[in-house]
Amino acid sequence: MLRRGLHHRNRHLHTQIPKPPSPEASAIASLILQTPSQTLTLTLDRLNHNWSPNLVDQILKRLWNHAPKALQFFNLLDRHRSYTHSASSFNHAADIAARLRDYVSLWALLNRMRARRLGPTNRTFAIVFERYVAAGKPDRAVKVFLSMHELGCDRNLCAFNTLLDVLCKSKRVEMAFELFRVFRGRFRPDVVTYNIIANGWCLIKRTNRALEVLREMVERGLEPTISTYNVVLKGFFRAGQVKEGWEFFLEMKRRGCEIDVVSYTTVVHGFGVVGEVEKARRVFDEMVKEGCLPSVATYNALIQVLCKKSSVEDALVVFEEMVRKGYVPNTTTYNVVIRGLCHSGKMEKAVELMGRMKGDEREPNVQTYNVVIRYFCDAGEVEKGMELFEKMRSGECLPNLDTFNVLISAMFVRKKADDLLAAGKLLIEMVDRGFVPRRFIFNRILNGLLLTGNQWFAKEILRLQSQSGRVPRQFKL
DNA sequence: GACTGGTTCC
């Protein structure tokens, strides 16, 4: 009986095999980056490549951190004699324009899609909703949804669910619920709609509201799915109701619910955050016994609890075990283990593991770098932190606000004049990349520079401060 | 990536 469920339970395993990298796309992407904007047309003409939608998508993905160049590439290729963009490439371009908050280009792209009868599709609208909400304009997202039909796309339940999901994930649950109440007569909500709303309430730790919504769902004759149960399960653990969560899990089993890898992972993680290492392990072992294969996420949950509440050595045992069993650790796995190693002072081993990521086609991301840089700086090895920072600048991993804050703070530990100079340079780069430093960072650096008698540089920083703030340069095209 | 669920950190 248990065997029957094996296939769909573990469909996630298929996604664990890393996609082969596309050397062709990387080569063209770096060529585009090296070519000055003025001569890009010529370069692309001369390249005369056999373009395919997939290749163009890959290139756009690789140019993600270089948005203006990405859009220029897209637009130039749009005027190509024989090649025409696919809907998916249009969506990529729209996503990039929206991320730059360049709404003029965004809507121009949507209109072009429509003119060519490529869309805009539900996926396009999902991007638009997400970007407006991320930019703090949820009302715009709702407005776009309400005028979808004018843009050549039916207002359907899918789009409605997507909008509710985007609002809920940004914690605007009240707003989503209001919308749900107003429009439920028109769109006939399905179990997905209810799962989204219930998950929203759980996200803000209002498990009772989630249960209320789900009761209403059942009254309306909709059957809960395994996702519904998993939403509630996660909700209990997230709200710190561990006892209720565990009892709900047992109830799921009693009722013969097909507990899947997500349910198990939720429980392992739930016990993990409250430090119940033994219980977490027992549930992990139980799922294996029940014939449900753990996924990478399940391993991540277990490895994390071992790192935090047991020891990084125990975590490494499980890490090596999963590798031996043929799993490919993902970036999260590496980040968890690397953090554990840093935390117990094993910096060399942490750096070694960063190197090992590349072998698995898992590039260290900004979180990976930030953790290792932070621990190096805390240990007083500021040079090693800077070394990693240089490395990330040369690669495709962009530093974020955290990276700069950590490095700049580190420059005050040793009370050296050179360090203050370095802090000032970091501040300039930070503003240059479109980040807005907090005022106390400016003041700290200014005071330091004045104390060490570097009046000239202090003046530069002051000028920078008066300029920074409004429109970050990153967002200008 | 094509309506929903599980894994890192701040």
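Proteins come first, then strands; the chains are lettered A, B, ... in the order of their sequence lines, and each starts at number 1.
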Point to revise | Salt bridge flag under 4.0 Å for residues A:E387 and A:K391 | key: no
Study note, to complete from the structure: Of the candidates B:dC10, B:dG1, B:dT4, the side chain of A:D95 sits closest to B:dG1
Practice item. For A:F180, check ring-ring contact (aromatic ring centres under 6.0 Å, His included) against everything at least two apart and list the hits. Key: A:F177, A:Y194
Point to revise | Any N/O donor-acceptor pair, A:T266 side-chain to B:dG6 base, under 3.5 Å | key: no
Check your understanding: Where along residues 128-152 of chain A does a heavy atom fall under 4.0 Å from DNA chain B?
Key -> none
Point to revise | Atom-to-atom span, CG of A:L203 to C1' of B:dG6 - whole angstrom | key: 13 Å
Review point. Roughly how many Å is it from CZ in A:F237 to C1' in B:dG5, rounded to a whole number?
Key: 15 Å
**Study point:** Minimum-distance nucleotide (side-chain atoms of A:T298 versus B:dT4, B:dG6, B:dC9)
**Key:** B:dG6
Revision key, fill the gap. A:R238 atom CZ is separated from B:dT7 atom C1', nearest whole Å, by 13 Å
Exercise for review: Identify whether any heavy atom of A:V371 sits under 4.0 Å from a base atom; if not, whether one sits that close to sugar-phosphate; answer base, sugar-phosphate or nothing.
Suggested key: nothing
**Study point:** Qualifying residues under side-chain contact (heavy atoms from CB on, under 4.5 Å), relative to A:R114, sequence neighbours excluded
**Key:** A:P120
Check your understanding: Looking at residues at least two apart in the chain, or sitting in another chain, which of them share a salt bridge (charged side-chain N to carboxylate O under 4.0 Å, His left out) with A:K279?
Key -> A:E276
**Study point:** Interatomic distance, A:D260 CG vs B:dT4 C1' [rounded to whole Å]
**Key:** 13 Å
**Study point:** Residues forming a side chain to side chain donor-acceptor pair (under 3.5 Å) with A:N400, sequence neighbours excluded
**Key:** A:N370, A:T403
Review point. Over how many whole Å does the gap from A:R362 atom CZ to B:dT7 atom P extend?
Key: 18 Å
Point to revise | Nucleotide nearest A:H269 (side chain, heavy atoms from C-beta), chosen from B:dT7, B:dT4, B:dG5 | key: B:dT7
Check your understanding: Are A:R255 and A:E251 within salt-bridge range, i.e. N to O under 4.0 Å?
Key -> yes
Revision key, fill the gap. Testing B:dT4, B:dG6, B:dC9 for proximity to the side chain of A:A297, the answer is B:dG6
Review point. How long is the line joining CZ of A:F319 and C1' of B:dT8, in whole Å?
Key: 13 Å
Review point. Under the side-chain contact (heavy atoms from CB on, under 4.5 Å) test, which residues partner A:T121, sequence neighbours left out?
Key: A:N91, A:R123, A:T124
**Study point:** Phosphate OP1/OP2 of B:dT8 contacted by A:K308 side-chain N/O (<4.0 Å)
**Key:** no
Review point. Counting side-chain heavy atoms from C-beta on, which of B:dT4, B:dC9, B:dG6 comes nearest to A:S227?
Key: B:dT4
Revision key, fill the gap. Within residues 109-123 of chain A, the residues having a heavy atom closer than 4.0 Å to DNA chain B are A:T121, A:R123
Review point. In whole angstroms, how far is the C1' atom of B:dT8 from the CG atom of A:L353?
Key: 14 Å
Exercise for review: Can you figure out which of B:dG5, B:dC10, B:dC9 approaches the side chain of A:N230 most closely?
Suggested key: B:dG5
Practice item. Determine the contact category for A:T368: base if any of its heavy atoms lies under 4.0 Å from a base atom, sugar-phosphate if only primed atoms, P, OP1 or OP2 are that close, otherwise nothing. Key: nothing
Review point. So does A:R116 pair up with A:D78, basic N to acidic O under 4.0 Å?
Key: yes
For residues 129-140 of chain A, dump all side-chain donor-acceptor pairs below 3.5 Å to protein atoms at least two apart in sequence or in another chain.
{"from": "A:R131", "atom 1": "NE", "to": "A:D95", "atom 2": "OD1", "distance (Å)": "2.8"}
{"from": "A:R131", "atom 1": "NH2", "to": "A:D95", "atom 2": "OD1", "distance (Å)": "3.2"}
{"from": "A:Y132", "atom 1": "OH", "to": "A:W107", "atom 2": "NE1", "distance (Å)": "3.1"}

**Study point:** Residue list, ring-ring contact (aromatic ring centres under 6.0 Å, His included) with A:F389, at least two apart or on another chain
**Key:** A:F404
Check your understanding: Do the charged groups of A:E363 and A:R356 touch, with an N to O distance under 4.0 Å?
Key -> no
Practice item. Quote, to the nearest angstrom, the P distance that separates B:dG5 from B:dG1. Key: 15 Å
Exercise for review: Please tell me which of the listed nucleotides, B:dG5, B:dT7, B:dC10, lies nearest to the side chain of A:D402?
Suggested key: B:dC10
Point to revise | Nearest to side-chain heavy atoms of A:S88, which nucleotide of B:dT8, B:dT7, B:dA2 | key: B:dA2
Review point. For the pair made of CG in A:D165 and C1' in B:dA2, what is the distance, rounded to whole Å?
Key: 13 Å
**Study point:** Any donor-acceptor N/O pair under 3.5 Å between B:dG6 base and A:N300 side chain
**Key:** no
Practice item. Remember a base hit wins even if backbone is also touched, and classify A:Q367 as base, sugar-phosphate or nothing at under 4.0 Å, heavy atoms. Key: base
Check your understanding: Taking the side chain of A:N91 as heavy atoms from C-beta outward, which of B:dA2, B:dT8, B:dT4 is closest to it?
Key -> B:dA2
Review point. Base, sugar-phosphate, or nothing: which does A:N156 touch, judged by heavy atoms less than 4.0 Å apart?
Key: nothing
